[in-house]
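Below is one structure, written out as structure tokens; comments come after it.
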Number of protein chains: 2
Amino acid sequence: MQNSDLTVDREAHPPGRIQRANSLAGDVYEAIFAQLMSLRIAPGSRITVDNLVKEFNVSHTPIREALGRLEGEGLVMKTHLIGYRAAPQITRRRFDELYELRLLLEPAAAAKATVTLDDERLAVLQEAAGVMARRVGKDERLRYSNFARQDAIFHDKIAEFARNELIRETLNHQHTHFHIFRLMYHSRVTEEALDEHEAILAAFSAGDPDAAEKAMRVHIENSRDRLLPAFE
Amino acid sequence: MQNSDLTVDREAHPPGRIQRANSLAGDVYEAIFAQLMSLRIAPGSRITVDNLVKEFNVSHTPIREALGRLEGEGLVMKTHLIGYRAAPQITRRRFDELYELRLLLEPAAAAKATVTLDDERLAVLQEAAGVMARRVGKDERLRYSNFARQDAIFHDKIAEFARNELIRETLNHQHTHFHIFRLMYHSRVTEEALDEHEAILAAFSAGDPDAAEKAMRVHIENSRDRLLPAFE
DNA sequence: CAATCCTATATCCTATACGATTTTATAGGG
DNA sequence: CCCTATAAAATCGTATAGGATATAGGATTG
């Protein structure tokens, strides 16, 4: 079996736990997923099985299975006898809906997370808030990439500490779509967001659930307003 | 091509819109989905590709693709070299998380829906609230099946009228899992729920968003408490 | 008798070749 | 310019074969 381009490390298992080798279909899934998240496959563009066969040097079978899985997650769409294509770019309407959803979930999660925090968890959030890494690097592109990753971790950790995996999964699922959208409009959105992260962090430190909820709401509303110009 | 057991009507397209014929993979997906929703495939049980090949008289290819899609939706799980299995029954923890999510989304949706209602939409909700069908049928099983369908429509329509497709999809997605769970514990849960539907409906009729929000919250909390004994 | 090892079968996973059907592109005619 | 017809390309599904692994049951050994 040749496996030239997937480049997956099958050896990196966490200590103590057995890890089954990945299936080829799983590797292909991750490879396509990564290409979608990095815009190497643009939103709305076609995805042909034959091209992937050539690119990955694997047969149709695992690719079809992986594409089916991506379809189930809403990241690709299939039309009979036409083929697969990447999910289209987010619409303005969808954008509004996404922020409405976030405003219902994330402030509540922030409030709930507040009461579960200890020093260790606070440190995790502080790390993820990106306060330290603020001035690191002058390459605009790299800078943004760091921000995006830390922002995702920051929000995800809050959902985790709120002890609701379902809400966490829901937000993460939407985040994949959101990430693709945001990648195309990353001006210097980052600076203000980092300030707001600090404000949320301050409420956490103070152990004030109401303040955390409010700060999160403000953060998300501002985030929305910062990205809104992308639709004009 | 033989297509003995899928029994899909390819002719029923809505007027005015062209509809491509379904792919076989799509038909297989729907067939498996239906079996999961009707408990013909029990939660946690194994799903072998070969069995489906024999049952549906189709080859491996579309079945694997359909199973991949179900995996992406979280309805089946795959373990390498072991195979697919139906997603396990919902846990108590997950149950709590689900209701926490519903309490964040559905009351808000009810409030938002209230202001968009007109006579026509109100009639739709009245129909879906199941007020009419309350005394229809004495067969306990059929009776419950009717309740489940109408309950799903009632909540879905509210989400639709709230004009947020994303929230609607999120709730529907969760409802899939919830439905499977509830199928196993359907005592006489229905009567009270129908009363609560009427209470929500009254708030809609009065055009009172706050009352709708509150009634929905009460309904969901009661629904949770009615189902809670299932875990003991 | 119990524990371990081994073997056999079933199942999964992938590759490959082929045919059927449909889309898409191209060219020609009105 | 638009429509139609033919040809090329792509998709979808089938069938089949072989390698790899899991699982169960039996054989061996202490």
Side-chain angles (χ1 to χ4, degrees), chain A residues 1-8 10-11 13 17-32 41 44-72 76-87, chain B residues 1-8 10-11 13 17-32 41-42 44-72 75-87:
Chain A
M1 174 175 58
Q2 66 283 63
N3 188 340
S4 55
D5 290 311
L6 292 177
T7 64
V8 175
R10 297 164 177 275
E11 315 310 331
H13 26 208
R17 304 191 61 176
I18 31 172
Q19 174 129 2
R20 270 174 215 275
N22 296 332
S23 68
L24 243 193
D27 292 346
V28 170
Y29 165 83
E30 289 180 15
I32 300 173
I41 298 177
S45 63
R46 292 193 61 178
I47 302 176
T48 69
V49 175
D50 284 335
N51 285 346
L52 294 175
V53 165
K54 279 176 270 184
E55 183 178 354
F56 294 146
N57 278 312
V58 299
S59 73
H60 288 189
T61 313
I63 290 178
R64 299 277 286 265
E65 196 166 341
L67 284 172
R69 191 167 152 200
L70 289 164
E71 187 192 6
V76 309
M77 306 182 59
K78 181 186 171 183
T79 313
H80 184 47
L81 294 177
I82 302 286
Y84 286 96
R85 58 179 55 241
Chain B
M1 174 175 58
Q2 66 283 61
N3 187 340
S4 55
D5 290 310
L6 293 178
T7 64
V8 174
R10 297 163 177 275
E11 317 309 330
H13 27 206
R17 305 193 59 178
I18 37 174
Q19 176 130 3
R20 273 172 213 275
N22 296 335
S23 70
L24 200 45
D27 292 346
V28 170
Y29 165 83
E30 289 180 15
I32 301 174
I41 297 177
S45 64
R46 290 195 59 179
I47 303 175
T48 69
V49 175
D50 286 337
N51 285 345
L52 294 175
V53 165
K54 279 177 270 183
E55 183 177 354
F56 293 146
N57 278 313
V58 298
S59 70
H60 289 188
T61 310
I63 291 179
R64 298 198 81 93
E65 196 166 342
L67 284 172
R69 192 169 152 199
L70 289 164
E71 186 192 8
L75 287 169
V76 308
M77 305 181 58
K78 180 184 171 183
T79 312
H80 184 47
L81 294 177
I82 304 286
Y84 286 97
R85 58 180 54 242

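Just so it is clear: chains get the letters A, B, ... in the order the sequence lines come, proteins before strands, and each one is counted from 1. Just so it is clear, the model here is predicted, and its values are computed rather than measured.
- Taking the side-chain hydrogen bond (donor to acceptor under 3.5 Å, both in side chains) definition, one finds that B/S59 meets it with nothing, sequence neighbours left out.
- Look at CZ on B/R69: it is 13 Å from P on D/dC12, rounded to the nearest Å.
- In this view, B/R85 satisfies the salt bridge (charged side-chain N to carboxylate O under 4.0 Å, His left out) rule with no residue, not counting sequence neighbours.
- For B/S45, the side-chain hydrogen bond (donor to acceptor under 3.5 Å, both in side chains) test picks out no residue, with sequence neighbours left out.
- Listed by chain and number, the residues in a side-chain contact (heavy atoms from CB on, under 4.5 Å) with A/V53 are A/V49, A/H60, A/I63 (sequence neighbours excluded).
- Here D/dC12 presents its P atom at 13 Å from CG of B/N22, a figure rounded to the nearest Å.
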Mind listing the N/O atom pairs, protein and nucleotides 7-13 of chain C, below 3.5 Å?
| unit_1 | atom_1 | unit_2 | atom_2 | d |
| --- | --- | --- | --- | --- |
| C/dC13 | OP1 | B/L81 | N | 3.2 |
| C/dC13 | OP2 | B/R64 | NH2 | 2.7 |

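- To the nearest angstrom, P of D/dA22 lies 14 Å from CZ of B/R85.
- Partners of A/E71 under the side-chain hydrogen bond (donor to acceptor under 3.5 Å, both in side chains) rule, at least two apart in sequence or in another chain, do not exist in this structure.
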